[in-house]
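The structure under discussion appears below in the form of structure tokens.
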Amino acid sequence: YPSLFVIARNSSFTYRGRSVDVKDIGRELGVRYVLEGSLREAENRIRVTAQLVEAETGKHVWADRYDRNLAGIFAVQDEITQAVTIAVAPAIANAELHRALRKPPNNLDAWAACQRGLWHFAKISPEDNARAQQYFRQAIDIDHNFAGGYKDLAWAHIHAAGVFATGTRAEAHGAAEALARRAVAIDPTDPETRSTLSEALLWSGGDYEGAILEAERAIAMSPNLAFAHAILGPCIDLLRKSAGRACSSSQSTEA
């Protein structure tokens with residue numbers, strides 16, 4: 001998850017076994033969230049407890065526990081790591097969204113402006129989509145090199161054309177593709193920008209092969225990214241249907 005800024009293990013482990021205020025940890029490491037964990041062992045079983053805390057407020061954002069057999073400890077370690085990562089990423093995304101909502105509109109940085117825009121975007125209405133676009137443009141104005149602003153604005157254009165049918169579809173899809181390409185140019189390692197470009201290519205000109213390539217690149221970077229998988233399926237389906245129609249047309253011409 002490239003959007004998560006994670007402190008190196010050696011730095012974070014200096015707090016291991018010590019009683020330290022989570023606010024101090026957040027301030028000293030420069031992080032907004034702290035993932036705490038504990039491990040208990042009984043015979044051949046272990047219980048790992050994990051909790052995510054907002055450093056600034058001390059508020060618990062998420063918590064869970066994992067009971068596993070000790071056999072195959074390395075496989076267990078990988079399994080729990082994956083489970084925690086999958087759970088933590090959306091928990092932080094939701095916490096960041098609400099954090100942005102607490103800030104006054106005139107005191108938003110590029111990241112917070114995008115989070116505020118995503119809150120409106122998730123309401124799925126033409127009016128909120130238009131409001132979301134305003135915040136995404138604000139993010140771009142604040143930081144011209146912030147890929148997230150271009151990516152989110154591209155996605156809003158796609159929704160405006162496909163879901164709400166507002167404006168001209170060709171123009172909206174063309175704008176979405178240009179914005180998505182700009183986002184990828186700024187940050188080619190972000191799987192979400194690749195996924196957005198895949199969606200834009202799919203609808204702007206029916207470039208199914210290009211859309212599949214971008215979705216596969218996103219999945220290679222982040223195998224758990226549901227967004228990329230959700231786009232890849234329709235891309236493959238539409239490519240097959242397009243190939244089938246082309247084959248049928250060719251046979252009809254020969255006949």
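A heavy-atom distance below 4.5 Å is not found between the side chains of Tyr15 and Val22. Between Glu41 and Leu70, some side-chain heavy-atom pair lies under the 4.5 Å cut-off. The shortest side-chain heavy-atom distance between Leu201 and Leu197 falls under the 4.5 Å cut-off. With contacts defined as side-chain heavy-atom distances shorter than 4.5 Å, the pair Gln134/His120 does not qualify. Inter-residue side-chain proximity for Val88 and Leu35 is flagged as met; some heavy-atom pair is nearer than 4.5 Å. You'll find the side chain of Glu36 reaches within 4.5 Å of the side chain of Val53, heavy atoms only. In this structure, the side chains of Asp207 and Leu202 stay at 4.5 Å or more apart for every pair of heavy atoms. Put simply, the side chain of Ile212 reaches to within 4.5 Å of the side chain of Ile236, judged on heavy atoms.
One hydrophobic cluster holds both Leu179 and Ile186 under the rule that ILVMFWY side chains link at heavy-atom gaps under 4.5 Å. Under the 4.5 Å side-chain contact rule for hydrophobic residues, Val76 and Leu39 share a cluster. With hydrophobic clusters built from ILVMFWY side chains whose heavy atoms lie under 4.5 angstrom apart, Phe227 shares a cluster with Tyr208.
Contact detail for His173 and Ala161: the closest heavy-atom pair is NE2-CB, 3.7 Å. Residues Ile142 and Asp109 approach most closely at CD1-C, 3.9 Å, considering heavy atoms. Ala156 approaches Phe121 most closely through the heavy-atom pair CA-CE1, 3.7 Å. Nearest heavy-atom pair across His229 and Pro223 is NE2-O, 2.9 Å. Residues Arg116 and Pro104 share a closest heavy-atom pair of NH2-C, 4.1 Å. Here the closest heavy-atom approach between residue Tyr33 and residue Ala95 is recorded as OH-CB, 3.4 Å.
Side-chain N/O atoms of Tyr66 and Glu79 include no donor and acceptor closer than 3.5 Å. One side chain, Gln133 or Asn129, offers a donor N or O that lies under 3.5 Å from an acceptor on the other.
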Going through the checks in order, is the side-chain contact (heavy atoms from CB on, under 4.5 Å) test met by Arg65 and Arg47? CA-CA 7 Å; Arg65 74 182 189 191; Arg47 169 171 291 178; 3.3 Å; yes

Derivation and outcome, side-chain contact (heavy atoms from CB on, under 4.5 Å), residues Ile140 and Leu153: CA-CA 9 Å; Ile140 293 171; Leu153 183 55; 3.9 Å; yes

Pair Ile124-Asp128, side-chain contact (heavy atoms from CB on, under 4.5 Å): steps then yes or no: CA-CA 7 Å; Ile124 313 180; Asp128 279 292; over 6 Å; no

Decide salt bridge (charged side-chain N to carboxylate O under 4.0 Å, His left out) for Arg27 and Asp24; before the verdict, give the C-alpha distance in whole Å, the side-chain angles of both, and the deciding distance to 0.1 Å. CA-CA 5 Å; Arg27 184 174 58 256; Asp24 294 334; 2.5 Å; yes

Please evaluate residues Trp203 and Glu199 with respect to the criterion side-chain hydrogen bond (donor to acceptor under 3.5 Å, both in side chains), reporting the C-alpha separation (whole Å), side-chain torsions for both, the decisive distance (0.1 Å), and the verdict. CA-CA 7 Å; Trp203 299 118; Glu199 182 82 356; 3.0 Å; yes

Dump the intermediate steps for side-chain contact (heavy atoms from CB on, under 4.5 Å) on Cys114 and Phe136, then the final yes or no. CA-CA 5 Å; Cys114 274; Phe136 298 149; 4.1 Å; yes

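In this structure, Arg45 places its CZ atom where more than 12 heavy-atom neighbours from other residues, nucleotides or ligands lie under 6.0 Å away. Annotation: Glu56, atom CD; neighbour count of heavy atoms from other residues, nucleotides and ligands within 6.0 Å does not exceed 12. Heavy atoms of other residues, nucleotides or ligands lying less than 6.0 angstrom from CZ of Arg18 number more than 12. Crowding of Glu209 atom CD: a count of heavy atoms from other residues, nucleotides or ligands under 6.0 Å not exceeding 12. Residue Lys59 qualifies as open at atom NZ: its count of foreign heavy atoms under 6.0 Å is 12 or below. For Phe13, the CZ atom counts as densely surrounded, since its 6.0 Å shell holds more than 12 non-hydrogen atoms of other residues, nucleotides or ligands. Within 6.0 Å of CZ in Arg102 there are more than 12 heavy atoms belonging to other residues, nucleotides or ligands.
In this structure, Lys123 is positioned above the aromatic face of Trp119, its NZ or CZ under 6.0 Å from the six-membered ring centre and within 45° of the axis.
The backbone N or O of His144 lies less than 3.5 Å from a partner atom in the side chain of Tyr150, making a donor-acceptor pair. Within the 3.5 Å criterion, the main-chain N or O of Pro188 finds a donor-acceptor partner in the side chain of Arg194. The backbone N or O of Ile219 sits nowhere less than 3.5 Å from a side-chain atom of Ser222 that would complete a donor-acceptor pair. A donor-acceptor pair under 3.5 Å links the side-chain atoms of Asp21 to the main chain of Lys23, judged by distance alone. Side chain of Thr196 to backbone of Glu192: a donor-acceptor contact under 3.5 angstrom is found.
A salt bridge links Glu177 with Arg181: the closest approach of a Lys/Arg side-chain nitrogen to an acidic carboxylate oxygen falls below 4.0 angstrom. At a threshold of 4.0 Å, the pair Arg240-Asp237 does not count as salt-bridged, since none of the basic side-chain nitrogens sits closer than that to a carboxylate oxygen.
Below 30°, between 30° and 60°, or above 60°: for Phe146 and Trp111 the angle between ring planes is above 60°, a perpendicular geometry.
Note: Leu118 CG to Asn94 CG = 11.5 Å, rounded to the nearest 0.5 Å. Atoms CG and OG1, on Asp67 and Thr49 in that order, are 8.0 Å from each other to the nearest 0.5 Å. From Ile25, atom CD1 reaches atom CD1 of Ile7 across 11.5 Å, with rounding to the nearest 0.5 Å.
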